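Structure record follows, encoded as structure tokens.
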Number of protein chains: 2
Amino acid sequence: MRPERTIQDIVQEGGKYFMPSVSLDCVIFGFHENELKVLLLKMKNMDQWALPGGFIYKDEDIEDAATRVLRERTGLHDIFLQQFKVFGLPNRSDKKHHLNIMKKDGIKVGKDHWLIQRFITVGFYALVDFAVVIPEPDMNSVSCEWHEIHSISELFMDHKDILDNALETLRLQLNHQPIGYNLLPQKFTMPELQKLYETILDKKLDRRNFQRRMNGFGFVKRLKETRKGGAHKAPFLYNFDLRKYKKALQEGLQGGW
Amino acid sequence: MRPERTIQDIVQEGGKYFMPSVSLDCVIFGFHENELKVLLLKMKNMDQWALPGGFIYKDEDIEDAATRVLRERTGLHDIFLQQFKVFGLPNRSDKKHHLNIMKKDGIKVGKDHWLIQRFITVGFYALVDFAVVIPEPDMNSVSCEWHEIHSISELFMDHKDILDNALETLRLQLNHQPIGYNLLPQKFTMPELQKLYETILDKKLDRRNFQRRMNGFGFVKRLKETRKGGAHKAPFLYNFDLRKYKKALQEGLQGGW
DNA sequence: ACAAAAGTGTTGTCGATACACCCATGG
DNA sequence: CCATGGGTGTATCGACAACACTTTTGT
């Protein structure tokens, strides 16, 4: 375990234990009420939202650092995450802005301070079960909330660009990564799975053909229970046969959508 | 243009103008005599081969830095390149080894020297037309040569891992990136294109079905010339209709292989 | 003339699409 | 009881795999 740090400690001493010039940002996807959502932080003293992110300890693997950030924001330990791109434009960070934040927090820093150097950031996307996440803001933010993916228009720095890239990656990897498994609860209904696919692909699919195809793959198992409570006919619940699912993904699910 | 540097200047002064802790490495693919090849550097004072790589100037975009490295090793200006992964294990660089190299070159450095800090590296892959490349070693190497992809067993540091990842990425992106266009000369034959696909996918394809499918896509155009010189029947030459090719790739070429 | 490589054609099968119909449930 | 959503069945079409045959060229 890494020690808890205060914001003052990080600003003043972070240069000693964090890697210089490298950060990471996480696009955390969740699925709830038939909508794809992303976990965002409302920043202190600002009217902007940002992706959860962090720095990397000098002796820490980058993936471990991402896992740590994920754990801190969601409370979850075992999370599916995947690095997808480095964002490294020289002017991507707004140095004036950083200085302002620190001023407001009453922290004075020199021009060669580690936090106002150029930073590149490694983008990760993570897939979580919405229901079990307990969102927790970090030191720089006042709240941590889910946002519907299509209602996000502007974010801190280049974070909107990072988000768009994550979504695009998700789309491309839909046939190669266990996306359904990680975004849905253990038990789910066919219409839910379909909605997930439709949201990610941003297109409508035929209900019956979708079901036939999914069943044809052989990695979903229908249970004897149904999802009660909703109006209309109660749909059956399914779960994934993880063995078969992963095996099928290795080859990539055949055919387009 | 960036200035030419001596190795001494880089070792002693590099910390001033390069980003700390971040490097890049390029997997440069070429296709020749029906074989997929990679451009490697034979390192000075060592029995190992390495991927071409470099550092990033403090005010330089990472993609530009990669382009610069590519230009220096191949002589080419317009190169297709794509970032594919960050390699960031804490122990990936061998500090002792770096110290040794510098010693052999008669350079003394302290323990806090910028070159023996932990480095993460951004992996790029590049696709070039084999015929027009003029391989050029860098300051740390004695030669720069093409190596057949399957005959490479061990490389410097984690470069073999980087190479394997690049190849895997190439495979996954075969239906989404203009891989044929960039690896083949302007004019090429169907059997050549097929061999390229077979090499990347590592499986045999049916000659006739391959041709029908390629023609069906509509982005290859058969010319009236044939490839003379070889034995047996002369195959027709083709070229890409870049407009249609890119359009088709946007959707992704349908169907698996 | 023969071997080897390239061009062209045909057929069967399987999977995706586009439908229509039946069942269950809440208002 | 009816609107709505969910489950199941079927016909059609197209794409791909598997195959055979013809054409060209060098030796």
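Fair warning: this is a prediction, and the values are worked out from it, not measured in the lab. In the text below, chain A, chain B and the rest are named by the order of the sequence lines, each starting its count at 1.
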Would you call [X] and [Y] a salt bridge, using N to O less than 4.0 angstrom?
| X | Y | result |
| --- | --- | --- |
| A:Arg208 | A:Asp206 | yes |
| A:Glu168 | A:Arg171 | yes |
| A:Glu192 | A:Lys195 | no |
| A:Lys160 | A:Asp164 | yes |

Quick one: [X] [atom1] to [N] [atom2], roughly how many Å, whole number?
| X | N | atom1 | atom2 | answer |
| --- | --- | --- | --- | --- |
| A:Gln211 | C:dT17 | CD | P | 15 Å |
| A:Met190 | C:dA24 | CE | P | 19 Å |
| B:Lys228 | C:dA6 | NZ | P | 15 Å |
| A:Arg227 | C:dG26 | CZ | C1' | 18 Å |
| B:Asn215 | C:dG9 | CG | C1' | 14 Å |
| A:His232 | C:dT25 | NE2 | P | 12 Å |
| A:Met214 | C:dT17 | CE | P | 13 Å |
| A:Phe217 | C:dC14 | CZ | C1' | 14 Å |

**Request:** For B:Arg222, report the nucleic acid contact type (base, sugar-phosphate, nothing); a contact means any heavy atom under 4.0 Å.
**Result:**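 It contacts sugar-phosphate atoms only.
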
Just compare [options] and give me whichever is closest to any side-chain atom of [X].
| X | options | answer |
| --- | --- | --- |
| B:Asp206 | D:dG6, D:dC19, C:dA18 | D:dC19 |
| B:Arg207 | C:dC19, C:dG7, D:dG5 | C:dG7 |
| A:Arg212 | C:dA6, D:dG7, D:dT10 | D:dT10 |
| A:Pro235 | D:dG6, D:dG9, D:dT4 | D:dG6 |

**Message:** Students often mix this up, so state it plainly: with edges at 30° and 60°, are the rings of A:Phe130 and A:Trp146 parallel, tilted or perpendicular?
**Reply:**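 It falls in the tilted class, 30° to 60°.
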
**Which residue lies more 5' along DNA chain C, comparing B:Arg208 with A:Ala234 via nearest heavy atoms** =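 First, find each residue's nearest nucleotide; the 5'-ward one identifies B:Arg208.
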
**Message:** Reading DNA chain D from 5' onward, which residue's closest nucleotide shows up sooner: A:Lys233 or A:Asn209?
**Reply:**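 This one resolves to A:Lys233.
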
**Side-chain N,O (A:Arg213) to OP1/OP2 (C:dG15) below 4.0 Å** =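 No, no such contact exists.
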
